[in-house]
Structures are given as C-alpha cells and as structure tokens.
*Asks:* 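Structure below; questions to follow.
As the structure is a computational prediction, the values presented were derived from the model and not from experiment. Sequence lines set the chain letters: A, B, ... in the order given, protein chains first and strands last, and positions in each chain run from 1.
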Protein chains: 2
Amino acid sequence: MRNGKTTIHDIAEKLQVTASTVSRALNNNPRISDATKKRVQKAAKELNYQPNNIASALRSGRSKLIGVVVPTANRNFFSSVIRGIEEIANSLNYKVVISQSYDDYEKEMQTIEALLNVQVDGVIASIGKTTENVDHFKKVIKKGIPLVLFDRVTNELDVSQVVIDDYFGAFQATEHLIQEGCKRIVHFSNSQNINIYKERKRGYEDALLKHGIPVDPELIIFSKLQLEDGRRCMQEIIDSKIIFDAVFSSSDYSIMGAMQVLKENGYKLPQDVKLVGFGDEPFTSFTEPTLTTVNQKSIPMGNITAETFFEILNQKDQSNTLSKRTILKPELIIRNSSLNTQKK
Amino acid sequence: MRNGKTTIHDIAEKLQVTASTVSRALNNNPRISDATKKRVQKAAKELNYQPNNIASALRSGRSKLIGVVVPTANRNFFSSVIRGIEEIANSLNYKVVISQSYDDYEKEMQTIEALLNVQVDGVIASIGKTTENVDHFKKVIKKGIPLVLFDRVTNELDVSQVVIDDYFGAFQATEHLIQEGCKRIVHFSNSQNINIYKERKRGYEDALLKHGIPVDPELIIFSKLQLEDGRRCMQEIIDSKIIFDAVFSSSDYSIMGAMQVLKENGYKLPQDVKLVGFGDEPFTSFTEPTLTTVNQKSIPMGNITAETFFEILNQKDQSNTLSKRTILKPELIIRNSSLNTQKK
DNA sequence: ACAATTTGAGCAATCGATTGCATATTAAAA
DNA sequence: TTTTAATATGCAATCGATTGCTCAAATTGT
C-alpha cells in the first residue's frame, strides 16, 4: 500500500486470504462464497481500493477502452454520436478514446495505429472523406478486435455498420419541396465515391421521378459541400441563368453558403427559392429564414453502434463473427426555408 | 511471438542478448553501445515489433495518456483547443483521451474518476459551468499527477492555467462599439461566479468609463447565455422600453437569439442596433448581417496548454511544481453587425 | 605489466491482477 | 461409514517491459 495505492494484496493480507481470492471475489467469480465476497467488498471499500486497470489489462488482455475515430468532433452530428456511444460504454464500465482524423487519410491511419498501440479493445469509426484505401482498418480486423463503422462506411470491409437511410432522408426532403410546389430543384452533392452522397442523390432523383419531374443533370452540382463551395456553386447557377426554384443540399454548410449568396443577389426566401439542408446542425435554427433540414438521429445512432460493438465483443469468444447492418430512419425537420406558409 | 505479437523477448532471442538489453536499446539508454542499438532497431523492424504500452505502463507507471476534460467537444472553441493539445501531445508520443462533462457537475466528477482509473499521466481540463466544488480536481493533484486548466479556470486550485485575456477582449469589443458611435450598450453576462464572465463584464465597464460613458446596471443582463436566453433577454429589454443602440454579449449563442428577436421586432441591423458576440463560432460568419465577435485563439491555447502540461510532467521528477498562468490576447473579428460602413 | 576505471550487458525482481491447476473442506450419495 | 462429488480457496505462473544491481571485458593510467 505504499504510495497510497491499495492493491488486492493489501486486501488479501487484511483478510488473511490470497490475492487470487480477492481478485475472484471482486470479479464476482462463482467459485467464491458469498460470505467471502461480502468481506472482500467491505475491506475494499474500507481501504479505498481502486483497481489498477493497467495491470488488469496486461494480464487479461482487455483494456476496457474503445477507440472512436471521427472526422471531427466539432460537428453536432459526430459529437452527438459520440455521446450516444459513451452512454452505453460507460454503463458497461468502458472508456471511450476519441480520435479525430480531420478528414485526412494520413491522420486517419496514424490515429488507428495509435489506438491499436494503446491497446483498445475495439474500434468504432466513421471514415474520412479523403480515405480511399481501407487497409488500416483491415489491420484492426486482423488484430482480431471488433470494428464497427457508422455513417461513413465502406463496402470493402465485411464489418458491422450502422447508417441512416440517406436515400429515404433525401427522398423525403425532395418530396417535401415538390409538395411545396417546386419543380426545378437544384441538388448539391459530393463525390459519388462516398456512399452517403450517392444515396442521397439517388433519393433526390427517385423523388423527382415519382412525381413525374425529369432529372436534369444541369441541376446537380458536385463539390466538397463546405460553406464556400455552397457560395460558389450557387453563384455559378445564378450566373448561368439556369431556372430553379429550390435547392436541396447534402450538407447544411453548403446550403448556408447558398442562402447567403441568394440573399446577396436579392432573392426573397423562401418565396423565390426554397431550401433544404441535411444534418440538422444547430445553426440551422439560427438562420433567417430558419432552415429545413434532415436530422440524422445521432444519439440513437451512437447507442446502437455501441450496442452492436458490445455484441461482437461478447460473441468474440465463440468467434462466430457475423456482421450486421443497421439502418436508421432520419427525420425531416421542417422549418421556414421550405414553406409557403411560414410558421413562427 | 505466439499470437502474432512480437515482444522484446523475441528480439532478444533472435539477437542472442537479453530482454533488458533490448529494452534499453529501444529506449536509447546510454549504457548500450550504438552497435547494439542499431542491431536491435533493425531486428525490431524486421519482426514488426510493436511495443506493448500496457506492460510498459504497468512497470514504469507512465501510461502516455493525457485526459482532457471539456464541457463539450461540440463547440468550435473546445474542439480547436483539443486539436491544439493533440498536435503537441502526439508529437511527443502521447495520446489524448477526450472526456465531455456536458457542463454537468456530477458527470465531471465521474469523468475525472474514470480518467484516473485508466491511469492517465495527467489531466487537462476546462471546468463546467455548474461546477461549484473542485474537490475532484484536488484528487488529481493529490495523486501527484499534473493538472492544467484552460479557459474556464478557478482560483481555488494552485495549478497552472492558460486563459485568454477576457478583460481585454471585452474591452476591445466595447471600445469598438463606442467608436462606431454607440452610447447605450447592453451587455449579456452569465453568473459572476464564473471568472471569464466576470472579467468580460469588467472589460465592458472599463471601456465605457474610459470614454466617459456611465455604466448603467439596467443594461447588464444575466442569463445562461444560450440562444433562448438571448431571445428572452432581448425581448424583455425591448418591452421595457429601455433605450439602447448596441448589444455586446459574452456568448455568440445568446447574441444570435438577440439578433433573431431584433429582426422579428423590425429593427434594422446594424443601423438601429449594433451587435458583438464572443467566441467566433463558425455560424457567426453565416448570419445576416455577419457577426462581429471575439476570437479566443483556440489552437494556440491548446498548444500552450499542452506545452505547459509537459513542462510540469518533466519537472515532476524534481518535484518543484511551480504553477504559472499564461494569458493569451484574443482578437476582435470585425464583421458587419457592428459597422456603419458595411464590408462585403 | 598491473591496478583503476569505464563501458556494455546480463540477472532477476517487479509492476498488480488474472487464471489453470491443485488441494482442502464439506455435503451428498451409496 | 466410506466413497463421490461439489464447493471454496490457495499456489504459482503469467502478461511484457523496466530497472537496480552485479559482473565481465575493454580501456586508461602509472
């Protein structure tokens, strides 16, 4: 107990049993009698015993750490997913190590490497935008530890995934615009290598087709979907004199840029042009007009992702790893930017 | 090497030396000859050796993990500070464990407990808004590991801190409004128990006094500074017929609320009322008009916080812990919400 | 050429908890 | 009462790396 740290040996000595017994008692091993367990727990409390997780991790091979890799925590969606993951993980006495890849392929690899280095028991990740090669994730799998992907996933890996139904979200959003009378709906999309953007575009197209509106490639604009991209694309459309009456963007950020440019060019919103974004970032309720957008159910997604993770972790012992895919329904949040009849 | 994991023993065997020698060679111990070091490094690479940090941590007592506690990562300021911390930490081969307290006292205590449990080598924290008691931080100090606070600090603890000069930021912001011709400047503040808000209020007051404008308590409104609070407070002021020509808020969120309410009440911005926020959240450049605000130098703050942390960690051995306080100058970002002459 | 140093590396204990196997005690079955 | 089977605990190795101490070889000084 020198250094103020109580170990199982101190408890063992006090109770005149062995450390093995103490360890088993604390881990609720059925081979230990209830009476002994009670005594051990009491002594542990008295001596203010704090288990040494590192020693435990070394011997047992379980660090009780989960590595979570996100492009950036500084996004409402990701930080909420993390919160959802933490809720579950903490309740099971696991800690979450958050790593940010900053959407950078190099950094993402390093970060995975670093997580494996600190010996996480598994990894939960959302793939960065610039990541084309997924070998670093294969490394995780090869190590035999669980890997679960959420939102930004890939088909190249046979792992469990939790995603939202991007197709459905985009379909709903587009249909909503159509119902508000729009016929020439611009769509902002990103590289079609990224699944979520491909799906959203598909939802957009199918909604148009369902209502007998032709898909006009001229109206579909690709970019990185940042604020600046939205500004630039919007300006180009305006300059090109293309006729349009709405914009549905795959990102709240780029629709913000579009909104700014439209206002600067004297358009009245939402009368002249209706807007719908994607992501339900907090600022979407600050804008003028407030922005209709798609909520991605981030906290439930975090919960489910963590639950999936622990299922795999626990069945790991039987080594029958089946990978499942969970799809959540997003929710269209209707605000003023898409409505003819404004609500307060 | 069973299980695919190379250990120092495998290297030792291959090279016909002992594990001690390998360990020392890898740690660049001067007692090992350069020739041996080279051989060991080569063998390590060949065998794809990955050090077992857990074993190392157990023996050496150093986990190479830093616990970072923030109210929420979902804020530009905090996520940027984290990025700044990571830059330094990663370069020194340390990993950062991010924990969110969600501004909740209970959660903050648990989170500190959990970090100590995973045996972080130290803690970097920003204190939650609802935290009045700091005993959990004392626990960190008592454990003898470094603690550095940033931004939301306390005087009750004798630890190193990195803060911005809130007084200066507020002073500048207020003076800027005065120079733009404002004389009746409303100030939104939070509980004066929280240092940063106290300092900002002081800066606001001193700027007024410097320019011969009396401080009118009627113009200083206290709230939690969320969007809704901003809306409510602004509406109250309008209803009370108090005369005012500007608002300087200690938070970008509440100034957003104020902006909305002002617009809803038919005020022309910035002609009728000029606005300045604090924090430089990303959405401040999306608003209409774009919002003047105070940038808190988050990445440098993260860098400096980490550097301070490592200074303490390294001098720890000599156990002469001196605590220093670093103060960064914030920067006023002037946008349209406070200007008579708009810029594009 | 021999003692005194310096240099390089090995030995073995250690960090704290876990766990397979052995053993003692007690209860149930024959 | 003796055998069998649970039940409860102990023993000792182990996880992988680190480190104080010891010792042999090489170098230097006289």
*Asks:* Is a donor-acceptor contact shorter than 3.5 angstrom present between the side chain of A:S20 and the base of D:dC11?
*Replies:* yes

*Asks:* Might you point out which heavy atoms bring B:S80 and B:S298 nearest each other, and give the distance in Å?
*Replies:* CB-OG, 3.1 Å

*Asks:* Base, sugar-phosphate, or nothing: which does B:V22 touch, judged by heavy atoms less than 4.0 Å apart?
*Replies:* nothing

*Asks:* Please figure out whether B:T18 or A:N53 has its closest DNA chain C nucleotide nearer the 5' end.
*Replies:* B:T18

*Asks:* For A:K129, check side-chain hydrogen bond (donor to acceptor under 3.5 Å, both in side chains) against everything at least two apart and list the hits.
*Replies:* none

*Asks:* Can you tell which of C:dA9, D:dT19, C:dT18 lies closest to the side chain of B:T36?
*Replies:* C:dA9

*Asks:* Is there a side-chain contact between B:S33 and the phosphate of C:dG8, meaning an N or O under 4.0 Å from OP1 or OP2?
*Replies:* no

*Asks:* Which side chain to side chain donor-acceptor pair (under 3.5 Å) pairs, counting each pair once, include a residue from residues 84-97 of chain B, with sequence neighbours left out?
*Replies:* A:S99-B:K95, A:Y102-B:E86

*Asks:* Suppose we call a contact any N or O donor and acceptor under 3.5 Å apart; does that hold for the side chain of A:T21 and the base of D:dA8?
*Replies:* no

*Asks:* Please tell me which of B:R62 and B:A55 maps to the more 5' nucleotide of DNA chain D, matching each residue to the nucleotide holding its nearest heavy atom.
*Replies:* B:A55

*Asks:* Please state whether the base of C:dT7 and the side chain of B:R31 form at least one donor-acceptor pair under 3.5 Å?
*Replies:* no

*Asks:* Got a salt bridge between B:R152 and B:D103, using NZ or NE/NH1/NH2 to carboxylate O under 4.0 Å?
*Replies:* yes

*Asks:* What about A:R24: does its side chain form a donor-acceptor pair under 3.5 Å with the base of C:dG20?
*Replies:* yes

